[in-house]
Every structure is written in C-alpha cells, then in structure tokens.
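In this text, all values refer to a predicted model and were calculated from it rather than measured experimentally. The chains referred to below are lettered A, B, ... by the order of the sequence lines, with proteins before strands, and numbering in each begins at 1.
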Protein chains: 2
Amino acid sequence: MDAQSTSMQIPEDEKSVILDSITIDCVIFGFKNEELEVLLVKHKEGISKNKWGLPGGWIYENEGIDDAANRLLLELTGIKDVYLEQLRAFGAPDRFPLSRVITVGYYALIKEEDYDLKAGYTAAEVAWFKVSEVKDLIYDHQQILEIGQKRLRRRIKQEPIGFNLLPEKFTLLQLMHLYEQILGYEMDKPNFRRKILKMDLLTPLAEKQKDVSHRAAKLYRFNPETYKKLLEKGFNFEF
Amino acid sequence: MDAQSTSMQIPEDEKSVILDSITIDCVIFGFKNEELEVLLVKHKEGISKNKWGLPGGWIYENEGIDDAANRLLLELTGIKDVYLEQLRAFGAPDRFPLSRVITVGYYALIKEEDYDLKAGYTAAEVAWFKVSEVKDLIYDHQQILEIGQKRLRRRIKQEPIGFNLLPEKFTLLQLMHLYEQILGYEMDKPNFRRKILKMDLLTPLAEKQKDVSHRAAKLYRFNPETYKKLLEKGFNFEF
DNA sequence: ATACTTGTAGTCAATATTACTATAAGTAAC
DNA sequence: GTTACTTATAGTAATATTGACTACAAGTAT
C-alpha cells in the first residue's frame, strides 16, 4: 500500500503524524490444504483501484518501523505476537508511479486457523491466495513477494520457523509437506521422520489424528526449549 | 551519515534533488593481517563532530537505493563492482536525535589491496579499524555493524563470498584464517583443506608463496564457474 | 647438521545420508 | 469378515561425510 493510493481516506489532521515517503508492506504467509498461501488486499481507491496487492500502511512519526509493522499486522488480522521479520527496503525510483516512495517489506508467518478474516477488513477486500497462483500484483509487490518466498526458503533450512505456519498439534507428514511446499522438492518420508525426530525438537503427544480414512498418525507438538538450544548451537534443517 | 550531521556542506540548490528523511549507511569490510576490518569515517561537523561512524550519504530523487549505495561506495573508495548487499532498513524513532531519519544499511566486501585510502577522503577522515575493537560509533551505527557481521557470518556459510575479501591469489591457510576470523572459532587444517578442495571451487596455480620464512604454500585462485553451479544446487560451507 | 615451522597426505572410527524394503494399523468396498 | 487400499512407522545396507588425529615433506633459522 502506498501513500497516494488511499490518501483520500486519511483526515487532514492525521497526515502530519505519519512519514510521507516511506511505507510498509507485509507478505503474510499461511498454510492451508497443503499449500502455501499469502494474504492480499484489494485496493478500493486511487490508481490501483480493484487490483490486488500486499497489505501495508504508513509509519507514525514517533513509531519504530518494526512497531509499525506489528501494528499494521494487528490492525489487519487481529492477531499479535506473530513471527515477523523485515525483508528489506525497496526503493526503485519508479516503483510507485505518482511520487517517490520507498517501502520496507516485512514477512509474517501465521497459523491460518487463528486468523479470522473478518477481524479487520471485510471479506470482499482481503483474501488468501495460493502463492503459486499469485500474479500481477500492484507496483513492485510481486517482487516483494518473491523476496519473501526466497527468505522463507532460506530461513526454514536453518531455523524451525515452519511451526509458525502449522496448528499447535500436527503430524510428521504435515510438517514434511510444509517443507516440500516451501522448498519445492519432494522428500523421503522415513528419512525425514528419522532426521527430525533425532533432533529432539518435537514432543510426541498421546493423541492421534482423527477423522482420517486411513491409519491415524501420531500428533506432535513443537518443543521450544530444544529449539532455543539448537539456535545457539546452530544447525541444519536440510533434507 | 545522517541528513543533519553534515547538511551545511550541501548547497541549497542541490537539496531539492535528494530525499530528506532517508539515508544510506555502509558497513565496508576488509581483511588485512589476518583480521577482519571495517572502514569508518570521522564526522567533521554537526552534533557528531569528531566521532567515528559508518560512511554513508543521501539518495538522489531519481536514483534507486541500490544505485545510491553503489555510487556512495565509488565516491568513497574509488572502486566499483564490489560485493554489495542490503542489510535492511533501520528506523527506531530516536535513532537520529535531531529528526526522524530512517537509514538503509548495506554491507560491502572489498579487497583492501585494491583500495587506495586517498582516493576519496583524506587519510585524516577515513580509516580501517579492526572490527573486534570498534566501539562507540555514532547513532545506531554500532548496531548496523553488528547486523552486518551477523549477515556476513551467515552468508559465508552458504556462499563462498569470502573470496571478495582476499587477494586474487591466496593460500589455503589464508582462506581458513578468514573463515576462522569471521565465524569466531578455530578449524582443523587438514580437514578444512580436504573439504574445500573436494568442492572443486579452487583452481591451483603453478605459483607458490614468496618471502615466507617457512615452506611456501601453493597459491590458489577462486573458480567462478564451479561457484555458479554450486549456488544453483545449494551447498554448505560449514566447517 | 639440527631444530623449528608450516604445508600436505593419509588414517580410522563415528556419524550421517540416501535409497530403499518391510510391516503395521487403520479405513472402505465387496 | 475378507480383501484391497492407504498411510504410518520400523528397519537395513551401501555410501559419504566428519572429526580427531598421525606422519611426513619442504622449507627457514641457527
């Protein structure tokens, strides 16, 4: 979202407290039906009317950019304490056609189950899209999305951040599918299982999957203590 | 370098063509005498007079931020085509005391031998410092430096970017020392040699080291073709 | 000639990876 | 309930990698 695209919505007296040539845009990833998804908003006004783009907004003058990104995310999705990391600044001189605006890209990982579409915008304006099918976003948002995907791919190989996309309880196969989806290649079930279990990162639960038409798999929970230890020591999630 | 700190140096008629609340700051790494170094400049005017900070500057209104970073680097060091990558935007509301300025951090790797200190500034204003000894930089530059180090540490484990810090011809031990310096731990010589040679990333030269008071080591050159192949396929530089 | 320093080669046990096969535990169809 | 089907989970075996070493080569300095 860029300054001019929706500036009519901002009352005059509020304009003075936001920075006017820097915006924030968020790539919000979710995972549903074995597919990586991204949350997009449809612009209502301005030159990008009726086109889809990344959710974003302005930074208040007394607010840090990370704080601004967290606030925008809360305003949009109604959830807080999500995994959120800055991608980088995007500043091609012609990235926004009406004036020189630099945007700071962020990417977030959320559990789709926790998220209620109606919390912020109405359903007509915001929706999940399969990442693989997204195209023709406004401005340079397609590029920001790509950089976000690239970052996610890198991160997931070194930190178990994938857990932010899954429900609390999940099966090993779900986790493996998440990895396959993000990394873009297939894996071997027994090998994946062995490697991830040896890391001692998952806590097995007494529970099992329900309502599946085949042998129910054991459910696991992510073990944050081991995660911390592994982070300090450094490790490799390559499969 | 922030807007106000040296604003007196900019003629009035040039002010209009730069962006006024965004700057660029560069962490320029070098490697000399087995130590990782960083290039700093001493501020001459403004509130940070006589204090050391990262070299930086403004972005022209018709210039992309990556272009601006490359230009600033050329102006400062006289060299181009260096390894340069954006770190991220730094935007704490109080990072610059006089006004709200967001800076975009970059980090560069250069071969110190290629660099002539006198090309840009005079020797009194710019100097190399051992990274381990740098402290009390202006504003949030200490943080930017740390983030730069962290990024370098990460990158060097996945891409052989270390070559950008070494001279064209180098010995295996020099390369290993570079890794040790950046990663902060010691390595085993025979094992390092074996692993890196197997990657087929180095081209052995007929030449040997000169003027050393011990057995001269063979010199190697970096092989860019293998590098490309390895990058596509993905690999691990962990030692 | 000897000590000393660094380069380079090689060894070997432990561990990890890869590509599998095999079996267990369920559901669904007949 | 027996059979087919699906997914879960266990195990195996060849191969490659790692990590901690030893040994020796090739120079310099005394």
- request: For side-chain hydrogen bond (donor to acceptor under 3.5 Å, both in side chains), just list the numbers for B:Asp66 and B:Tyr106, CA-CA rounded to whole Å, side-chain angles, deciding distance to a tenth of an Å, and then say yes or no.
  value: CA-CA 9 Å; B:Asp66 287 354; B:Tyr106 279 79; 2.4 Å; yes
- prompt: Can B:Glu238 and B:Lys157 be said to form a salt bridge (Lys or Arg N to Asp or Glu O under 4.0 Å), step by step?
  reply: CA-CA 5 Å; B:Glu238 213 114 12; B:Lys157 284 184 172 182; 3.1 Å; yes
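Between A:Lys195 and the phosphate of C:dT17, there is a side-chain N or O to OP1/OP2 separation shorter than 4.0 Å.
A distance-only check finds no donor-acceptor pair linking the side chain of B:Glu133 to the backbone of B:Lys130 [under 3.5 Å]. Side chain of B:Arg151 to backbone of B:Leu87: a donor-acceptor contact under 3.5 angstrom is found. Between the A:Gln142 side chain and the A:Val134 main chain, a donor and an acceptor come within less than 3.5 Å of each other.
Residues satisfying the side-chain contact (heavy atoms from CB on, under 4.5 Å) criterion with B:Glu180, sequence neighbours excluded, are B:Met176, B:His177, B:Glu186, B:Met187.
Distance CG/B:Leu73 to CD1/B:Ile24: 10.5 Å, rounded to 0.5 Å.
At least one cation-pi condition fails for A:Arg194 and A:Phe192: the charged atom is not both under 6.0 angstrom from the six-membered ring centre and inside a 45 degree cone around its axis.
When all heavy atoms are compared, the tightest approach of B:Ile138 to B:Gly53 is CG1-CA, 3.7 Å. Closest approach of A:Phe239 to A:Ile196, counting heavy atoms only: CZ-CD1, 4.1 Å.
Defining each end axis of the helix from C:dA1-D:dT30 to C:dC30-D:dG1 as the rotation carrying four pairs' C1' atoms onto the next four, with five pairs an end, the two axes are found to diverge by 0° to 10 degrees.
First and last contacting nucleotides of DNA chain D toward chain B (any atom under 4.0 angstrom from a heavy atom, 5' to 3' order): D:dT17 to D:dA29.
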Pairs under 3.5 Å (N/O, protein and nucleotides 25-30 of chain C):
residue: C:dA25; atom: O4'; partner: A:Arg215; partner atom: NE; Å: 3.2
residue: C:dA25; atom: O4'; partner: A:Arg215; partner atom: NH1; Å: 3.4

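If you look at B:Phe163 and B:Phe170, their ring centroids are closer than 6.0 Å.
Distance A:Glu238 CD to C:dT17 P: 10 Å, rounded to the nearest Å. If you take CD1 of A:Ile196 and P of C:dA16, they are 15 Å apart, rounded to a whole angstrom. Rounded to an integer number of Å, the gap from B:Leu172 CG to C:dT8 P is 6 Å.
The only option from A:Leu40, A:Leu39, A:Leu145 that meets the side-chain contact (heavy atoms from CB on, under 4.5 Å) definition with A:Phe129 turns out to be A:Leu40.
Pairs of residues two or more places apart, or lying in two chains, that qualify as salt bridge (charged side-chain N to carboxylate O under 4.0 Å, His left out) and include a residue from residues 196-225 of chain B are B:Lys169-B:Glu207.
For the segment residues 186-193 of chain B, the set of residues with a heavy atom within less than 4.0 Å of an atom of DNA chain C comprises B:Lys189, B:Pro190, B:Arg193, in numerical order.
Residue whose closest nucleotide on DNA chain D sits further toward the 5' end, between A:Lys218 and B:Arg194: A:Lys218.
Counting non-hydrogen atoms under 4.0 angstrom, A:Leu173 reaches the backbone sugars and phosphates but no base.
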